[in-house]
Every structure is written in C-alpha cells, then in structure tokens.
Amino acid sequence: MALNAIVIGSTGLVGQRLVYYLSNHPWFRLIGVTASDDKVGKRYEEVVRWSLEEPMPSTVKDMKIMKMDVNEIVAQKPDIVFTALPTSVSAKVDQELAKKGMIVVSHASNNRLDPDVPLLNPEVNADHVEVAKLQESRWSGKIFKVANCASTILTLALKPIYDDFGISRVFVSTMQALSGAGLNGVAGMAILDNIIPYIEDEEEKIETESLKMLGMVSNNGILLNDKFTVSATVHRVNVLEGHLEAVFLKTEKDAEVEDIKESLREFRNNKIRGMGLPMQPEAPVVVREEKDRPQPRLDRMEGKGMSVVVGRIRKDKEGWIKFNVLGHNTIRGAAGNGILIAELLYKMKII
Ligand SMILES: NC(=O)c1ccc[n+]([C@@H]2O[C@H](COP(=O)([O-])OP(=O)(O)OC[C@H]3O[C@@H](n4cnc5c(N)ncnc54)[C@H](OP(=O)(O)O)[C@@H]3O)[C@@H](O)[C@H]2O)c1
C-alpha cells in the first residue's frame, strides 16, 4: 500500500526534486502539489519552470495546483506533507498543519532549533526522531526538519570523526552553489565573474545546526553538542549545484590521516545501516585520494547525489586535520534528505 504525499511549494528547486522523487517512489504516492496563489487551479506543467536534468514525471504534468489552504490539504488525507517554502511562509504553514494532526517534513529554517523538533540527517542522528513525541504538548501532528544544506553536508563528515576520536574545534569555509538560493535566488549580473562572501544567516545556521545534529537526546529534547564549537565563513560561487567546504578540525584523541580516512569510510555508527531505505546511499561518505578532488561538477552525483565526497585529507604541523567535503545541496542537502527522513519515519512506523 502506497502512502499519500503532498508537496507544498512544489514549483521551487527543492519542490521539483521532491515531486520527481515522489513520482518514482516505491512507498509513496504524490497526490497533491501547491504553489503561489496565482497558480492555483492551473496544470503543473503549465506553471512550473522545470529545472531538473531528469524529465518531468508524466504523472504530475496534468495535476492541478491546489490552494495552499490547510483545510483543503488536510481534506486530501495525506499520510505525509512535505513543505519547501520560504521560511516566513513555512513558519505558519508547518504549525497549522501540525495542529491539524499532519506529519510534516519541512525544509525551511523555522523551528529548526526547537528542542522538541528533530533536525534530521538520518545516518547521523536517526535516534533524534524520538524527541518529536514532546511536540504533543503543542499540537497533535509532528514536524520533522531538514537542516541547512551546508550543515547537513558538513555533519556527515564530522560524525564518524567525532565518534572515533572526539572533536575539540572546527573551522569551515564554504563555497556554495547558486541553487542553494532557490529558483530566483542570485542574479546573473551579481555572480558572473564573481564570488560573494556573504549569505544571509548562513554562518549562524552552520554554527548551530551542526551542533544540534550532533547533539544529545534528553528528557527535554535535543541538547546542542557542547563539546566543541564550529566557526564558519561562507561564499556564494558561480556553480550550479554542489557545495564545497574547506574544513579544519582538531581531534581530541590523536589521529593520523590514514585513521581519518578509515573512520570516514567505515562510518561505524551509521544509524540507518542495513535499514534498506530506498534513498539511502551505500556509503554516506566517499573518500577520494586524488590531489584535486572533490569537485562539484565531477563529484556531486556520487551515490545518486546522496553521498558526500571527502578529499585532500591532510594534517598540518600544529595537528590540524584539513580536508574538503562536497555534497549535492538540493539532493543530500535538501529534497533527497527530506525523502530519506520520510522513509525513516515509515520504517519507524511514525507514518
Ligand atoms: N535550495 C536549497 O539547496 C535548499 C537546501 C535546504 C533548504 N532549503 C530551503 O527550502 C525552502 C525551499 O527552497 P527552494 O530553493 O526550493 O526555494 P524556491 O525555489 O524559491 O521555491 C519556493 C517555493 O515556495 C512557493 N512559494 C513562495 N512563496 C509562497 C507563498 N506566499 N504562498 C505559497 N507558496 C509560495 C513557490 O511557489 P511559486 O513557484 O509559485 O513562487 C515555490 O514553489 C527554503 O526555505 C530554503 O531555504 C533550500
């Protein structure tokens, strides 16, 4: 039996990927899509500016855009609702849906740091799902969040190292793709022949959300990891998809380059190992040995876009471990992670 899913914000970059995955999914069935009010009632194919390399699924082309009205959405009896909206809109819609008993997987940044809202990156913290029961005091449904894309990619590389050696400090400098800013995000005139050393609120998100994903479950929800801090600088670069991040970290226990490679490849504490989730990559982290990898164009589709790729692992004279990590921001950092979370919720019998 397929589970019914609705995508809110289905015409955006993340929404389009959700539509694509749900239209081809063994467990889920796409039953509804929404966009801005002026598109309501029109055919999906007519209003969407399709931007994926994969063709638009034939089953969605004639779907009529639903009104983004919570009662109308609830009336369709979806088993799960995915939201991929600007944060200001999402903040209201997610909570209204949860108040009507819906299970929501949400991509925007609202509520990400609420202790009772799991911020999920399944290989890293599938066990955080359990704190969602604390939301019972607020609403009858449940909200699960997809994290900021750069944080999700970073945390996949930090997790095995943290488990094996401990971490005492992290610096990260990101080079983030244009698609991270959405379909209308960055003007061509601003980014051609250029790098922009600023993305609104992005550094703060990386510095907090990474620590939440690596945080601890407590009776009061998730506690941010307080064993180390993350300091971030961010850049928007002229790349379509794929965030590249330069990471500098100090481990608690001594670790050599080969130890770090082994730790990343083994990912010993993978919380979804063997679960057989369709979106789950064989290896969450792929380590490359070439001196000039990872690169966005060459490596972003590793594991169908669900693996992150780590390369240039080295150690300097002061003991800092340095490497680059790359991940596909709209797949691993957004819609792919959203689908993986939904699969996990299904396996855990939450939906
Ligand atoms: N892009 C990434 O890599 C990424 C990664 C992680 C998280 N996120 C987050 O995911 C969310 C979606 O990102 P995106 O890149 O897909 O953005 P996007 O391309 O700008 O798409 C936004 C979607 O929301 C709809 N929308 C906007 N305002 C609306 C309103 N007032 N009422 C109803 N629908 C409205 C848009 O519909 P129309 O097409 O009709 O305007 C569109 O479907 C954002 O919060 C973003 O921060 C993005």
Side-chain angles (χ1 to χ4, degrees), residues 6-21 32-52 60 63-70 72-73 81-94 96-97 104-112 119-121 143-155 174-186 199-202 204-206 209 213 234 236-237 239-245 296 300 305 326-341:
I6 290 181
V7 176
I8 312 280
S10 66
T11 46
L13 278 185
V14 177
Q16 291 183 30
R17 285 212 182 270
L18 289 167
V19 162
Y20 176 77
Y21 288 132
V33 288
T34 83
S36 303
D37 280 351
D38 57 326
K39 294 173 179 151
V40 172
K42 296 183 177 155
R43 293 169 56 246
Y44 186 77
E45 185 180 29
E46 196 186 327
V47 297
V48 70
R49 189 150 43 99
W50 190 254
S51 303
L52 308 191
V60 76
M63 250 183 208
K64 292 273 165 54
I65 302 288
M66 293 170 61
K67 194 168 161 47
M68 198 180 65
D69 174 272
V70 171
E72 281 191 32
I73 292 161
V81 181
F82 294 86
T83 61
L85 291 164
T87 298
S88 55
V89 189
S90 188
K92 189 162 173 274
V93 172
D94 290 352
E96 282 181 355
L97 288 165
V104 183
V105 172
S106 163
H107 289 76
S109 59
N110 56 287
N111 299 96
R112 278 187 188 151
L119 185 65
L120 293 170
N121 197 0
I143 298 175
F144 298 91
K145 298 296 301 192
V146 175
N148 158 271
C149 37
S151 311
T152 296
I153 293 162
L154 174 66
T155 308
T174 70
M175 288 139 273
Q176 299 188 212
L178 298 175
S179 59
L183 208 45
N184 303 311
V186 187
I199 302 170
E200 195 176 357
D201 296 332
E202 191 76 0
E204 293 80 358
K205 288 178 190 170
I206 296 170
E209 292 182 24
M213 283 185 273
V234 298
R236 185 73 71 195
V237 299
V239 166
L240 198 56
E241 304 262 28
H243 292 349
L244 182 64
E245 308 181 17
R300 62 192 166 207
L326 174 101
H328 198 301
N329 52 296
T330 58
I331 300 181
R332 182 72 226 201
N337 207 26
I339 299 288
L340 186 63
I341 291 166

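Only a predicted model underlies this, so the values are computations on that prediction, with no experimental measurement involved. Residue numbers run from 1 in the order of the sequence given. For ligands, and for the atoms within them, numbers begin at 1 and follow the listed sequence.
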Exercise. Is there any N or O on L13 that sits under 3.5 Å from an N or O of ligand 1?
Worked result: yes

Problem set entry | Minimum-distance protein heavy atom relative to atom 21 (O) of ligand 1 | G12 CA, 3.1 Å

Exercise. Any donor-acceptor pair under 3.5 Å linking the side chain of R17 with the backbone of L13?
Worked result: no

For this session: Please indicate whether any nitrogen or oxygen in L183 is less than 3.5 Å from any nitrogen or oxygen in ligand 1.
Result: yes

Problem set entry | E202 and N148 side chains, donor-acceptor separation under 3.5 Å | yes

Exercise. If you count the atoms of ligand 1 from 1 in the order shown, which ones are under 4.0 Å from a heavy atom of S10?
Worked result: 43 (O)

Exercise. Among all protein non-hydrogen atoms, which one is nearest to atom 32 (N) of ligand 1, and what is the separation to 0.1 Å?
Worked result: M68 CE, 3.6 Å

Exercise. Can S90 be said to touch ligand 1, with heavy atoms closer than 4.0 Å?
Worked result: no

For this session: Considering only non-hydrogen protein atoms, determine which one is nearest to atom 6 (C) of ligand 1 and report residue, atom name and distance to 0.1 Å.
Result: G333 O, 3.4 Å

Seminar exercise, completed: Rounded to the nearest 0.5 Å, the CZ atom of R49 sits from the CD atom of Q16 at a distance of 8.5 Å

Problem set entry | Shortest protein heavy-atom distance from atom 5 (C) of ligand 1, along with the residue and atom involved | A334 CB, 3.4 Å

For this session: Give the numbers and elements of all ligand 1 atoms closer than 4.0 Å to a heavy atom of G180.
Result: 1 (N), 2 (C), 3 (O)

Exercise. K39 to ligand 1: N or O pair under 3.5 Å?
Worked result: yes

For this session: Give the C-alpha distance, both sets of side-chain angles, the deciding distance and a yes or no for side-chain contact (heavy atoms from CB on, under 4.5 Å) between T174 and H243.
Result: CA-CA 7 Å; T174 70; H243 292 349; 5.9 Å; no

Problem set entry | Sub-4.0 Å heavy-atom contact, N184 with ligand 1 | no

Exercise. In the protein, what heavy atom is nearest to atom 45 (O) of ligand 1, and what distance, to one decimal place, separates them?
Worked result: L85 O, 2.6 Å

Exercise. G182 heavy atoms, cut-off 4.0 Å: which ligand 1 atoms fall inside?
Worked result: 15 (O), 17 (O), 19 (O)

Problem set entry | Side chains of D94 and N110, donor plus acceptor under 3.5 Å | yes

Exercise. For atom 48 (C) of ligand 1, what is the nearest protein heavy atom, given as residue, atom name and distance?
Worked result: V14 CG2, 3.6 Å

Exercise. Looking at side-chain heavy atoms only, is the closest gap between F82 and I339 below 4.5 Å?
Worked result: yes

Problem set entry | Numbering as shown, the atoms of ligand 1 that approach A84 to under 4.0 Å (heavy-atom distance) | 11 (C), 12 (C), 22 (C), 23 (C), 24 (O)

Exercise. Below 4.0 angstrom, N of the basic side chain to O of the carboxylate: do E209 and K145 qualify?
Worked result: no

Problem set entry | Protein heavy atom at shortest distance from atom 41 (O) of ligand 1 | S36 OG, 2.9 Å

For this session: Among all protein heavy atoms, pick out the one at the shortest distance from atom 43 (O) of ligand 1; state its residue, atom name and that distance to 0.1 Å.
Result: T11 OG1, 2.7 Å

Problem set entry | Spatial distance of atom CD1 (I65) from atom CG (D38) [nearest 0.5 Å] | 10.0 Å

Problem set entry | Close side-chain approach of R43 to M63, heavy-atom, < 4.5 Å | no

Exercise. Between N329 and ligand 1, does any nitrogen or oxygen pair lie at a separation below 3.5 Å?
Worked result: yes

Problem set entry | Side-chain heavy-atom pair L120, N337 within 4.5 angstrom cut-off | no

Exercise. Based purely on interatomic distance, does S179 place a nitrogen or oxygen under 3.5 Å from a nitrogen or oxygen of ligand 1?
Worked result: yes

